[in-house]
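Step one of this worksheet: look at the structure below.
Note that the numbering runs from 1 along the sequence shown for the chain. Everything numeric in this text was worked out from a predicted model, so none of it was measured. Just so you know, these numbers use all the heavy atoms, side chains as well, and skip hydrogens, waters and symmetry mates.
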Amino acid sequence: MPAFRWLLSLVTVLLALSAGCRCPSCRTVCPPPVAPCAFEPTEPTAAPDLPALIPFEEASPADSLCLLPGPIDGYDLLDRGTCQCHAATNTVVANAVLIEKRWAEVLIDCEEGAVEESLCLTRSLLALQAADLRNTAAASALTSFYLLAGVEAQEEYLRRGIAEVEATLRRVDSLRSSGLEVPKELDRDEVAARLDDLEDKRLQLGAARVQLNGQLKRSLGCPLDQRRFFWPSVQWAPNLSGVDVNAAVDIGLANRTDLRSLRLVRCKLNKATVPIARIVLQVADGSLGTVTPTSGIVHKLRCGDCYKQEVSVRCRQLTMLERDTEQLAIGKIKSAACKVAVQQDRVRLARAAVEHRRNELTRLEKLRDVEDRSIFEVSVARGRLFDAESALVTKVVELKVAEVALREVQHLLAVDCGYGVAICGEHCCTGECGGCGCRGGCSACGGLTCCGEVSCN
C-alpha cells in the first residue's frame, strides 16, 4: 500500500508537469497602470475677473456666521490641569499599550528563567511607550486649549474694533448727508476696507472656534457636541523670568522615554533579550535587526554559537543609537527652550506697543477739547489700541504654546498627571553589554542590590 501511494503521487506530479499551469493567474502578471507624462502645451492666461463671476450681495459677511455651529446650551469650563490630564488618561493607543503591558504581567507569573527576563524587559518598554503616548496627547490637547483661549479673547477685542469702525462709518455718512465737510485725512473707502478685514477675521475666528472645540473634545475623550463649547480658564499672566537652557536639558535627558528605553535595552542585553533588541533597532531603521543567525548542525559546525557574537553586535548598535538619540534630544530641548525665550521677548515688545497706543489715546482724549481734535482721530487711535491688545493676546498664547512644547520634548506632561514610569533596576547594567554597574542608586527596587536583583516586580 505505501508503494502504491508513492506511485500515485509520482504520476500526479508528472501529469501536472505535462499539462502545465492551469491557473489563469499563473500565465501572466498584468503590470500596474501607468499615467503617461504627456500634457497639452499652453500659454499663461489673464487673471480671472472674480467680481464678474461672483454675484454681489449687500449682506454683511457677519450674517454668514449663523452657518457656523455655536454654543446653543452654553459653555463648559475647562482649566489647564483638567485638559492636560484628561487627554493623558483617555489616550486610546496608550491604553491599548497598557493592556499589552498587563498581559505581559500575566505571562510573567507563568514563566521563569530567560523567558521571564525577556517578558520583564518587554513590560518595562511597554510602560515607557504608554507614557510617551500620553505625553504627546497631553501636549496636543494643551496646544488646542491655549489656541481656543486666544480665539475667545481676540473675539472680544474684535467686537470692540468692529463697533468702533462702524461708528466711524456712521459719522462719515452723517456728515455727508448733512452736507458738511469730511476731514481730509479720513478716507471712507479705507475705513470700509478695514471693516471688511475685521469681518473676515471674525469669520476665521468662528471657524477656528469650532475646529478647536472639536479637537479638544476628541483629545479629552468626550463625545462631539455642537450645542456646548469649552470655555478655557487660563492664567493669562505670562512667565517672563527667562529659561535655564542647561537645566532644561538635564531634566529632559533624565525623563525622555526614548532615551530611557534604549538605555534599558542596552543595560539588560543578553542572549535572552536579543530578540527585543532587534525589535527596538528596527523601530529606528527597518534594516537594523534583520540579520539573525540560523540554527542547524551545519551552521553550528561552521560558525559555532553566533548568538553570543550577536550580543556584541547589538550592543554596539544600541550604543551608537543611544548617543545619536541623546544628541538629537539635546538639540530639540535647546531649540524649544530658546523659542520660549524668544516668545518672552515678543510678549514684552507687544506689551510696550499696547502701552504706547494707550498713552497716545489718552493724550488725544485730553487734547480733544483743548485743540479741537477731531473725534475721528480719537476713533482711529482707539482702533489701533484694540489691534495692539489683540496682538498681545496672540503673543501670550504663542508663549504658552511654546512652554507646552518645551515640557513635551522634556517628556514631563504625562509625569505632571501621575503617569511617570519607575522601572526597577533601570540604572543598573546587569547585561553583557556594559557589565555590572549601577548609576544613581536603585530606589525603584525597594533597596535591593542592583546587580544581584533578578525579580522584575
Side-chain angles (χ1 to χ4, degrees), residues 60-62 65 146-175 181-209 231-242 339-403:
S60 169
L65 289 175
Y146 283 119
L147 291 177
L148 179 60
V151 166
E152 296 294 355
Q154 285 182 325
E155 174 73 16
E156 175 62 26
Y157 291 112
L158 191 59
R159 282 198 296 265
R160 297 179 188 176
I162 290 176
E164 191 67 34
V165 175
E166 288 177 339
T168 300
L169 281 178
R170 287 194 299 269
R171 295 188 187 104
V172 171
D173 293 338
S174 176
L175 288 176
E181 183 180 357
V182 179
K184 297 180 180 180
E185 66 275 8
L186 189 64
D187 189 336
R188 189 189 187 283
D189 291 338
E190 291 183 0
V191 177
R194 173 171 169 76
L195 180 60
D196 291 339
D197 290 340
L198 293 176
E199 293 286 8
D200 179 73
K201 187 175 181 180
R202 187 180 183 186
L203 283 171
Q204 296 180 47
L205 288 180
R209 177 186 291 107
W231 185 265
S233 175
V234 176
Q235 298 295 330
W236 284 105
N239 179 13
L240 303 177
S241 59
K339 188 171 183 179
V340 171
V342 170
Q343 292 301 136
Q344 289 177 345
D345 288 339
R346 297 184 73 198
V347 168
R348 294 188 183 96
L349 290 175
R351 177 63 183 88
V354 170
E355 191 66 19
H356 173 74
R357 298 298 184 188
R358 187 170 292 167
N359 292 337
E360 180 65 14
L361 176 61
T362 302
R363 186 183 69 84
L364 289 176
E365 288 177 337
K366 289 181 178 179
L367 295 177
R368 180 180 173 186
D369 296 331
V370 177
E371 299 183 2
D372 194 23
R373 290 298 178 109
S374 169
I375 189 174
F376 296 109
E377 292 184 68
V378 176
S379 179
V380 170
R382 191 175 290 117
R384 289 173 178 170
L385 174 60
F386 293 152
D387 290 343
E389 290 172 334
S390 179
L392 179 59
V393 169
T394 300
K395 299 301 185 296
V396 172
V397 168
E398 290 174 351
L399 172 59
K400 299 285 187 181
V401 171
E403 291 171 343

Nearest atoms (heavy-atom pairs only) where [X] meets [Y]:
X: V234; Y: A149; result: CG2-CB, 3.4 Å
X: V397; Y: Y146; result: CG1-O, 3.5 Å
X: V393; Y: A153; result: CG1-CB, 3.8 Å
X: A381; Y: L361; result: CB-CD1, 4.0 Å
X: K400; Y: A237; result: NZ-O, 3.7 Å

Who pairs with [X] by side chain to side chain contact (heavy atoms under 4.5 Å, CB included), at least two apart in sequence or on another chain?
X: L240; value: P238, Q344, V347, R348, L399
X: A167; value: R170, R171
X: V354; value: R351, R358, L385, A388, E389, L392
X: S233; value: L77, D79

With sequence neighbours excluded, what pairs up with [X] under the salt bridge (charged side-chain N to carboxylate O under 4.0 Å, His left out) test?
X: E403; answer: none
X: R159; answer: E155, E156
X: D197; answer: none
X: E166; answer: none

- Query: Rounded to the nearest 0.5 Å, how far apart are CZ of R209 and CG of L205?
  - Reply: 7.0 Å
- Query: For the atom pair CD (Q154) and CG (L147), what is the distance rounded to the nearest 0.5 Å?
  - Reply: 10.0 Å
With sequence neighbours excluded, tell me which residues meet side-chain hydrogen bond (donor to acceptor under 3.5 Å, both in side chains) with [X].
X: R382; value: E164, E365
X: R346; value: Q343, E398
X: N359; value: none

- Task: Before giving the answer on side-chain contact (heavy atoms from CB on, under 4.5 Å), spell out for D387 and R194 the whole-Å C-alpha distance, their side-chain angles and the decisive distance to 0.1 Å.
- Result: CA-CA 12 Å; D387 290 343; R194 173 171 169 76; 3.0 Å; yes
- Item | Residues that W236 engages under ring pair (Phe, Tyr, Trp, His ring centres under 6.0 Å), provided they are two or more places apart | none
- Message: For a side-chain contact (heavy atoms from CB on, under 4.5 Å) check, start with the C-alpha distance between R160 and S390, then their side-chain angles and the critical distance, and finish with the verdict.
- Response: CA-CA 11 Å; R160 297 179 188 176; S390 179; over 6 Å; no
- Task: Test E199 against every option in L158, I162, V165 by the side chain to side chain contact (heavy atoms under 4.5 Å, CB included) rule and name the one that passes.
- Result: I162
- Using a strict cut-off of less than 4.0 Å between a Lys/Arg side-chain nitrogen and an Asp/Glu carboxylate oxygen, indicate whether K201 and D196 qualify as a salt bridge. no
